[in-house]
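We use all heavy atoms of the structure for the numbers below, so side chains are in, but hydrogens, waters and symmetry mates are not. Whatever order the structure lists ligands and atoms in, that order sets their numbers, starting from 1.
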Amino acid sequence: MTSKLLHISTIGCQMNVYDANQISGVLAPLGYRGTDSIDTADMVVVNTCTIREKAEQKAFSFLGRLAKIKSAKPALIIAVGGCVAQQEGEAILKRMPHVDLVFGTHAIFRLPDMVRRIESSRCRIVDVRLSDRIDVDRPMTGPQTDGQVSAFITIMRGCDNYCTYCVVPHVRGREASRHPDRILEEIRLHVQRGVREVTLLGQNVNSYGNKEGLCTFAELLERVNAVDGLGRIRFTTSHPKDLSEDLIQSFGRLEKLCRHIHLPVQSGNDEILRRMNRRYTRRAYIDKIARLRTVCPDIAITSDFIVGFPGESDRQFKATLDLIEKVRFDGLFAFMYSDRPNAPAAGYSGKLNESVKKERLQALLDLQATITRQKYNSLIGHIFRVLVDGPSRGTSADPHSPASPQIRWSGRSSANHIIHFSVPDRHPLNNELLTGNFADIMIEGAHAHSLWGRLIDDSMDDRPGKGETTIAA
Ligand code: SAM
Ligand code: SF4
């Protein structure tokens, strides 16, 4: 079989990163091997996102640039996948004559057939069929990457929540969960390759297995916790309305479960939450945070916010700022509201202009930056157990380079802090042994989005460890 080169360009969330791995996996038997270079590729897949208008524009502008490359190399196959493909379907082929294939979010396992047909007859294909069930559930890990320490595992797809601003239910289809046995097989395959940490993905992992009567999410976590060789478990995303007491208790019970929860709240005002169809109140959200902190006092809590939802008044926005001050999040993502096709809020009155949205976004980010700074500064002198990802980006990994008397490494704490640390260049640990191991790091300083510190001698091994924030003497 001739070897062909495949370039995948991924825009968007972790689910798209996971899907990119699946795409490489299903195309490997056709002879496709990954490449970082578009110029040498025989096939380019653009894996798109449409959660906000900007992401969609990014996909189209990238696709536009490919036209020139295709005209210089007519044999190149250009495929568009992901959420924009699902949303726009045939319209993409009409608008972009250089595109050969549009495949939707449920079509990944049908890709090999379609690509074979294009290779043999240069036809153009659209497949945006959605299905209510997961028709093919094959444990797959994608291509082996050197030193890969963490992996994403999609445990369910789609969403049934229909938040009024959101396009996901329309482009990812109805909620459907994978069988726990397949999920566990996939995790074991990753662990055999050296992965130490998995992040379980779903739009609302709290409702995992409900429809199919498989098992609860807390039960699934228990099974994943028992996988030999796995060090850490993370998950995202949790919908506050479905965060069960059972799952809250898991943070106290499961030693591999990281002390971090991403719990998007979107707004601190009840009327806005009602119009977003979030189905919880501000009070209920605060109560759940209190329960989490009772069960796991050092749990890190992060969230998502939308500013400038249609009709959001100044007073309602202030309630959001007030919630941030009350909860004191460890981090957050904030987005300016953006109209999405098929999402009911696109038809709501009271749209805010861009300058108001920008001002609110900045006020929110400034407030969180102050909280993060205060929190980070209070961590100086603490010791964190870190899973080492590898050398810090932008620094030399060559221990003999005269330009790098210290090698900078980075990793994450259980609470998901990014932590950089240095090891003297001639230190015996400065080889690949560091990556994928756990080490204790004493925090010595803080940047805006990360911490830095020094390695505690003899603390490095393959044990995830329990304690996180031992206070230094
Ligand atoms: N399923 C998750 C949840 O319920 O929070 C997250 C889904 S979405 C991929 C990630 C984030 O994008 C959301 O939490 C929300 O803050 C933001 N988002 C979704 N639709 C948006 C829109 N139309 N405009 C701005 N932000 C949006
Ligand atoms: Fe979108 Fe809401 Fe579903 Fe999250 S829960 S994916 S925000 S509809």
_For atom 7 (S) of ligand 2, what is the closest protein heavy atom, and at what distance to 0.1 Å?_
Tyr165 OH, 3.4 Å

*asked:* Is a donor from one side chain sitting under 3.5 angstrom from an acceptor on the other, for Arg138 and Gln22?
replied: no

_Least distance between heavy atoms, Val44 atom then Ala41 atom_ = CG2-CB, 4.1 Å

_As an exercise, identify every atom of ligand 2 less than 4.0 angstrom from a heavy atom of Cys159._
3 (Fe), 5 (S), 6 (S), 8 (S)

*asked:* Tell me whether Arg278 reaches ligand 2 (any heavy atom closer than 4.0 angstrom to a ligand atom).
replied: yes

*What atoms in ligand 1 come closer than 4.0 Å to a heavy atom of Met336?*
24 (N), 25 (C)

_atom 2 (Fe) of ligand 2 contact by Cys163, N, O or S atom under 2.8 Å_ = yes

*Provide, to 0.1 Å, the distance between atom 1 (Fe) of ligand 2 and the closest protein heavy atom, together with that atom's residue and name.*
Cys166 SG, 2.3 Å

*Which one holds for Pro169 and ligand 2: side chain close, backbone close, both close, or neither close, with close meaning a heavy atom under 4.0 Å?*
side chain

*asked:* I'd like to know if the side chain of Arg157 pairs up with that of His106 as donor and acceptor (distance under 3.5 Å, no hydrogens or angles considered).
replied: yes

*What's the shortest distance from atom 16 (O) of ligand 1 to any protein heavy atom, and which residue and atom give it?*
Gln266 OE1, 2.7 Å

*Any sub-3.5 Å donor-acceptor pair from Asn161's side-chain atoms to Cys163's backbone N or O?*
no

*What do you reckon, are the aromatic ring centroids of Tyr32 and His7 less than 6.0 Å apart?*
no

*Who's the nearest protein heavy-atom neighbour of atom 4 (O) of ligand 1, and how far?*
Arg278 NH1, 3.3 Å

*Okay, side chain of Arg293, backbone of Lys288: is any donor-acceptor separation there less than 3.5 Å?*
no

_I'd like to check which ligand 1 atoms, numbered from 1 as shown, lie under 4.0 Å from a non-hydrogen atom of Pro264._
5 (O)

*Could you pull out the closest heavy-atom pair between Gln86 and Val128, with the gap in Å?*
NE2-O, 2.8 Å

*Name the option, out of Val167, Ile306, Asn161, that contains the heavy atom nearest to atom 5 (S) of ligand 2.*
Asn161

*asked:* Need the ligand 2 atom indices (1-based, order shown) with element for anything under 4.0 Å from a heavy-atom of Tyr162.
replied: 8 (S)

*Give the residue, atom name and distance (to 0.1 Å) of the protein heavy atom nearest atom 6 (S) of ligand 2.*
Gln203 OE1, 3.4 Å

*Looking at atom 6 (C) of ligand 1, what's its closest protein heavy atom, distance included?*
Gln203 OE1, 3.8 Å

*Using a 4.5 Å cut-off on heavy atoms from C-beta on, say whether the side chain of Arg234 contacts that of Arg412.*
yes

*Compute the centroid of each ring, for Phe329 and then for Phe305, and state whether the two points are separated by less than 6.0 Å.*
yes

*asked:* For Tyr348 and Phe309, take the angle between the two ring planes, folded into 0 to 90°, and tell me which bin it lands in: parallel under 30, tilted 30 to 60, perpendicular over 60.
replied: perpendicular

*To which protein heavy atom is atom 22 (C) of ligand 1 closest, and what is the distance rounded to 0.1 Å?*
Ser338 O, 3.6 Å

*Is NZ or CZ of Arg95 both nearer than 6.0 Å to the six-membered ring centre of Phe60 and within 45° of the ring axis?*
yes

*With atom 19 (C) of ligand 1 as the reference point, say which of Phe335, Tyr165, Phe305 has the nearest heavy atom.*
Tyr165

*Parallel, tilted or perpendicular for His262 and Phe333, by the 30°/60° rule?*
perpendicular

*Compute both the distance and the angle, then confirm whether Arg52 meets the cation-pi test with Phe335: under 6.0 Å from the six-membered ring centre, within 45 degrees of the axis.*
yes

_Among all the protein's non-hydrogen atoms, which is closest to atom 11 (C) of ligand 1, and how far away is it?_
Asp304 OD2, 3.4 Å

_Backbone or side-chain N or O of Tyr337 under 3.5 Å from ligand 1 N or O_ = no

*Which ligand 2 atoms are under 4.0 Å away from a heavy-atom of His239?*
5 (S)

*Show which atoms of ligand 1 fall inside a sub-4.0 Å distance from at least one heavy-atom site of Arg340.*
23 (N)

*Report yes or no: does a heavy atom of Ile51 sit under 4.0 Å from some atom of ligand 1?*
yes

*Taking atom types as modelled and ignoring hydrogens, do the side chains of Thr164 and Asn277 form a donor-acceptor contact shorter than 3.5 angstrom?*
no

*What do you reckon, does Arg52 have a nitrogen or oxygen under 3.5 Å from a nitrogen or oxygen of ligand 1?*
yes

*asked:* Please compare Thr237, Val168, Leu332 and report which has the shortest non-hydrogen distance to atom 3 (C) of ligand 1.
replied: Thr237

